[in-house]
Amino acid sequence: MTDTTELSKAYEPTEVEARRYAFWLEKNYFHAEATSDKPAFSIVLPPPNVTGSLHIGHALTATIQDILTRWKRMSGFNALWLPGTDHAGIATQMVVEKELKKTEGKSRHDLGRAKFLERVWEWKGKYGARIGEQHRYLGASLDWSRERFTMDEQSSAAVREVFVRLYEEGLMYRAQKLINWCPSCRTALSDLEVEHEEKNGSIWHIRYPVKDSDRTLTVATTRPETMLGDTAVAIHPDDERYTGLAGQTVKLPLTDREIPIIADAELVDPKFGTGVVKVTPAHDFNDYQTGLRHKLPMMTILDDAARMTKDTGKYAGMDRFEARKQVLADLTEQGLLEKEEPHKLSVGTCQRCATVVEPRLSPQWFVKIEPLAKPAIEAVEQGRTKFVPEAWTNTYFHWMRNIHDWCVSRQLWWGHQIPAYYCTSCSPRQGDDTDLPLDAPTVKVGGVDFARAEPIVAREQPKSCPKCGGASFIQDSDVLDTWFSSALWPFSTLGWPRETPELKTFYPTSVMETGSDIIFFWVARMMMMGLHFMGDVPFRTVYLHAMVRDEKGEKMSKVKGNVIDPLDIVLGATADKLAPTLKNKFPQGMPAFGADALRFTLATLTQQGRDIKLSMDRLAGYKAFCNKLWNASRFALMNMGDFQLDSRPLSARKLTLADRWILSRLQRATAETHKALEEFGFAEAASTLYQFLWAEFCDWYIELAKGSLYGEDAEAKDSTRAVLVYSLDRILRLLHPFMPFITEEIWQKLPMSRPTDSIMIAPFPEPDTAMVDEAAEGEMAPVIAAIEGLRTIRGESNLPPATKVKAVVQSPDKRTRELLERWRAYLMPLAGLSEVQVGAPGAKPPQAAAFVGQNLEIYVPLAGLVDLDAERERLKKEIARAEQEVAGVLRKLENPNFVAKAPPDVVVKDRARVEELNERKAKLQDHLQRIAPEPAMPENTPSESTTSSSQEAVSPSAPAQVKAAPTQEEKGGVDLGQELKGEMGDTGGAPEAADSQVEDALAKLRERTKEGLSAADHQDLGVAYMSMGLVDDAMREFNRAKEGNGAAPATGTDEESAPAKAQGDKLAKQVPAAKPERPVPAKKMPSAPAKTQGDKLAKQAAPPAAPVKTATAPAKRAAAPAKKAAAPVKKAAAPAKKAAPAKKATASAKKAAAKKAPAKKAAKKAAGKAPAKKAVAKKAPAKKAAAKKAAGRKAPAKKASAKKAAAKKATRAKPTARAKARR
RNA sequence: GGGCGGAUAGCUCAGCGGUAGAGCGUCGCCCUUACAAGGCGAGGGUCACAGGUUCAAUCCCUGUUCCGCCCA
């Protein structure tokens, strides 16, 4: 059934998205089969915190995983993407505690463990669903029937099983060790949950009196308050300052204790501080190890809230920081504080609450990690699991090889309670207080002394004590680290420890995709647990994505106010709901971008090894892309008539060139997309599709298709419709993993029979190599080139689309001519032509705009349509570009080393390029002359006073220079034109067809000697040369004409050495100068109207002979010399300065003119050209042997601009559909 | 202290030996019946800095400076 109802004019994501997701759910498409003939593909979703809400990082996770899953599902896999949530121990408990405090003013202890846990479960029920809902909004194709929770019965069973097995294997043990403790959360933390921060602190020097001696030992410490728990001071055994002290004792200040002086080479660095270290084994990790080595007593002086214990006498009950102050004060009073120095130290803080953590001696459960880590390292070494990007492999190895035993017990309530039980009958008790009940839930005095009690680890509570037969037990009150259950996720979610078909089908999972921040927390631990319990890696590939940051690259946090809620992006949000930075951006509220746009944006920003800065502008761009897709489809549907795509292969139809071309391009895009996806190149795949749809399908194919669709040829109409539907079907399917909603919506409306009810289970397109059509692409190339050339002319001439023009297209290549002739129906509408004449190079239309491409010349007669000045400007620019590039390439070619050592094909390519550029340049110059203002030169010399040929006599009224290359050699600037001339001879010079004027002049030349030429002769000759494109020669002749005689011989060395560049300038200025000069003598200047077109203004405003630097000329003209660097720096600077105000004054000066004269640019160029400046000094000598030689004479052209020119040229000269990017 | 990334157009990012590309923004012309969330055209880059290797460096090597992250 096909619903070809016309689409709405603009794409409205919100409505479509809700509807489509419901449809998929209803059809149960997300469900994966436990057993299937299809190959399996599986991903488990990293379970988000159940009471949290998704942030943009989750959206990235979901996007990437959904792309993978949908792609694989469409590619014929039995694809499982398994959702779930994490109980997130500390985080969730804290949230609920906070809420409890806020609403009822109660602590969890007020409620008691059981009641409190009820509350947490309630909370979980209330907010847990939100995660799922958010994923639905994102379009995530998660198999909801298999949704799991880390604390559901199955997962809990898995956790118990793992715990018990590890215990039985000796890999889980309980011990009193020094662990990280958060005094605020009042729980143990693993090493990973402690964040280290560099802080400015102090180091204090404290004197400890040596017993029975006058001597004191000065210790240096950053934690003076812990001295109350010191049980030794340590010196280095080889430290001569303290020889003989080891074995003696010191009197510990502020206490009545005496502690030994020990020698320890490991703890003490004699170069650091005083060389004496206080040893506090119960409160410092290094000291703890020292304590173990020396069997020192371990004295705990801080309680679980980091307050001083009762053993600290007067300090008892004080907070640790308060105690520090007091201790310091007391030491000062006793004269034992020697000094305080500023010191940088690394402070460990709690990942959750940012409280400074405290090392604490307490009984905890640990996983013995080494036996688990070893296989996990090997698995990656052997490539059984691969990291993408690969760089993470080393990070993984480094951590795994330095891993410590994992402290898994947490003194929390919310989590998996540890399956260890203590007999209340025979377990040792806390000694001094027995008024608490036996089953007191915490490690308080009076109850079982958990530090000493013997645990019975079992899957279920034992019936009787194996020791005493007692039947009363108390379960270990601690819960497990949240990551413990997460570590089992890839198999616990599939039913383990039961042997389920799911486990068999989907383990190992195909890909683990998660943020790189949890590579240790989660990925490494899953590796260890998976290998240990399943005997195989938990996943074949680990794809680690970067962190999502805001546009400025800052981490998103509530404090900074830059958090972005993905749902706000999807659905839109009112301004008041937005975080501050977003509110600035969207004062009216955020529009609904839609899930597809968000997903596409995230996919394109996914790059390896780089943070993702979410750009709202790009987001808007991809929303526009959705709209583009929508409207392209809309266009197709509107033009279908009764058409229905049947199963007949496209090749059986009579396809047009455009049809064949787009089908070929489509196959390439398909292949590229495949390749990118296989390599996790989401960004590349997305941009391939973006480019194809927009720059090829929409910009070209649809436009070309209009001809057939609106035409009379029924067959062409039919084939075009077929190709439209076929292509859209493919494009939509290719895009589906990225943009599931819009693709489904449109796909359902295509007039064709669908193999499936939904695009999400339709096959992912495979490239059809039979449709790759080199011939079609080759045929389209000149058509596209011609259209683009014509559009350039139109654009530059500001011709409105409604103005149809006549074009003359010439090509020396017969085949090209044939093609253009054959496809004139494509050419005309797309280029806005009323008529086109295709022919071999020959007579050119007068007063025309020209475009010279590779193998192609295009002329559009513009007389009466536009100001030809603009066209001349453009041509000059083009010529300059060609010259600059050719100079660059020549510089290379003139280096013998290059020719000798570079690969021959590179050299050949460069030579061909020179050829091509020269030809192009010649044609452009030829044309420039052709549209020069009336070439009839005045008989008398120009009105400027006679000048020598080297003089800068320029008329600002001239339409500037022919060449834009740098200027005079005496200024140290490079002279590309001259250089070119010298190096190339005249290869680029002669145009193919000389007209009669040229013939005449040449005839004259032959007949007479140069000495005999009159000024008028020189003038004629100049014109002739000009028309032949021999600019330099023409220049020379014009100069002679100006001088009034032909004093200097043509071959004169003086002339020769004069920069052709400068000549070019003059030429350009002089030739047309004739025209304005007649009516515009200098005196007329003041009356020139302020607001005229840039050109006219310039012509009129400046006195004909005025040097550039004095030109008061406005923007366009004034800047031109600077821009082209025809003038020396000083001169350039002047107009540059002028240009700025001129720009401001655009009210009067024409805008267009102003824009061409950015002061910055002019100044920059001028600087670049500065003689003996950086450019020359820096680049030339070191790098370019050949250039160096010539550096004095010709500095390298400014690299950037040369490059730029080349680049532009390249795209211009050989445009292809691909090269032509959408604008 | 050790390690890993990054620095390319105004902004967000590709490219990574043969003289640089996209999107957005900018400028010009157009509301051409798919799309103004649009079309066509244009402008815009000492590819952080300094050395080195190479015929040739944005790209490879070394160092420096900034920015980010991880580990101790």
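So you know, we letter chains A, B, ... as the sequences are listed, proteins then strands, and number each from 1.
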Practice prompt. Just jot down the ring-ring contact (aromatic ring centres under 6.0 Å, His included) partners of A/Y288, sequence neighbours excluded, or say none.
Written response: none
Item to complete: Go through the structure and list residues passing side chain to side chain contact (heavy atoms under 4.5 Å, CB included) with A/R794, not counting sequence neighbours.
Response: A/L799, A/T803, A/V805
Fill in: Pairing residues for A/K623 by the salt bridge (Lys or Arg N to Asp or Glu O under 4.0 Å) criterion, not counting sequence neighbours
none
Item to complete: With sequence neighbours excluded, tell me which residues meet ring-ring contact (aromatic ring centres under 6.0 Å, His included) with A/Y396.
Response: A/F387
Worksheet entry | With A/E266 via salt bridge (Lys or Arg N to Asp or Glu O under 4.0 Å) - residues at least two apart | A/R293
Worksheet item: Using atom P of each nucleotide, how far apart are B/U32 and B/G39 to the nearest Å?
Response: 14 Å
Fill in: ring-ring contact (aromatic ring centres under 6.0 Å, His included) partners of A/Y622, counting only residues at least two apart
A/F600, A/Y690
Worksheet item: Across the strands shown, which category fits A/V907 at heavy-atom distances under 4.0 angstrom: base, sugar-phosphate, nothing?
Response: nothing
Worksheet item: Can you tell me which stems RNA chain B forms when a stem means 3 or more consecutive Watson-Crick or G-U pairs under 3.5 Å?
Response: B:1-7 with B:65-71, B:10-13 with B:21-24, B:26-30 with B:38-42, B:48-52 with B:60-64
Item to complete: Keeping the roles fixed (side chain from A/S727, backbone from A/L724), state whether a donor-acceptor pair exists under 3.5 Å.
Response: no
Polar atoms only, N or O, under 3.5 Å: list the protein pairs with nucleotides 60-62 of chain B and their distances.
none

Discussion item. Regarding A/A902, tell me which of base, sugar-phosphate or nothing describes its non-hydrogen contacts under 4.0 Å with the strands shown.
Written reply: base
With the criterion being N/O to N/O and under 3.5 Å, what pairs connect the protein with nucleotides 34-37 of chain B, and how long is each?
from	atom 1	to	atom 2	distance (Å)
B/A34	OP2	A/Y710	OH	3.1
B/A34	O3'	A/R634	NH1	3.2
B/A34	O2'	A/N631	OD1	2.8
B/A34	O2'	A/R634	NH1	2.6
B/A34	N7	A/K706	NZ	3.4
B/A34	N6	A/C698	O	3.4
B/A34	N6	A/E703	OE2	3.0
B/A34	N3	A/N631	O	3.1
B/A34	N3	A/A632	N	3.3
B/C35	O4'	A/N631	OD1	3.0
B/C35	O4'	A/N631	ND2	3.4
B/C35	O2'	A/N627	ND2	3.1
B/C35	O2'	A/N631	ND2	3.4
B/C35	O2	A/K628	NZ	2.9
B/C35	N3	A/K628	NZ	2.8
B/A37	O2'	A/N627	ND2	3.1

Practice prompt. Give the ring-plane orientation class for A/F692 versus A/F697, where under 30° counts as parallel, over 60° as perpendicular and anything between as tilted.
Written response: tilted
Worksheet item: Between B/C55, B/C70, B/G41, which nucleotide has the shortest distance from any of its atoms to the side chain of A/F898?
Response: B/C55
Item to complete: Tell me, please, which residues at least two apart from A/K9 pass salt bridge (Lys or Arg N to Asp or Glu O under 4.0 Å).
Response: none
Discussion item. Please enumerate all residues that pass side chain to side chain contact (heavy atoms under 4.5 Å, CB included) together with A/A902, with sequence neighbours excluded.
Written reply: A/F898, A/V907
Worksheet item: How far does the P atom of B/G68 sit from the matching atom of B/C59, given to the nearest Å?
Response: 24 Å
Worksheet item: Considering only side-chain heavy atoms of A/R618, which listed nucleotide, B/G23, B/C29, B/G18, is closest?
Response: B/G23
Fill in: C1' gap between B/U64 and B/G23, integer Å
33 Å
Practice prompt. Could you tell me which residues satisfy side chain to side chain contact (heavy atoms under 4.5 Å, CB included) with A/N631, sequence neighbours excluded, listed by chain and number?
Written response: A/N627, A/R634
Worksheet item: Given the P atoms of B/A48 and B/G6, what is the spacing between them in whole Å?
Response: 12 Å
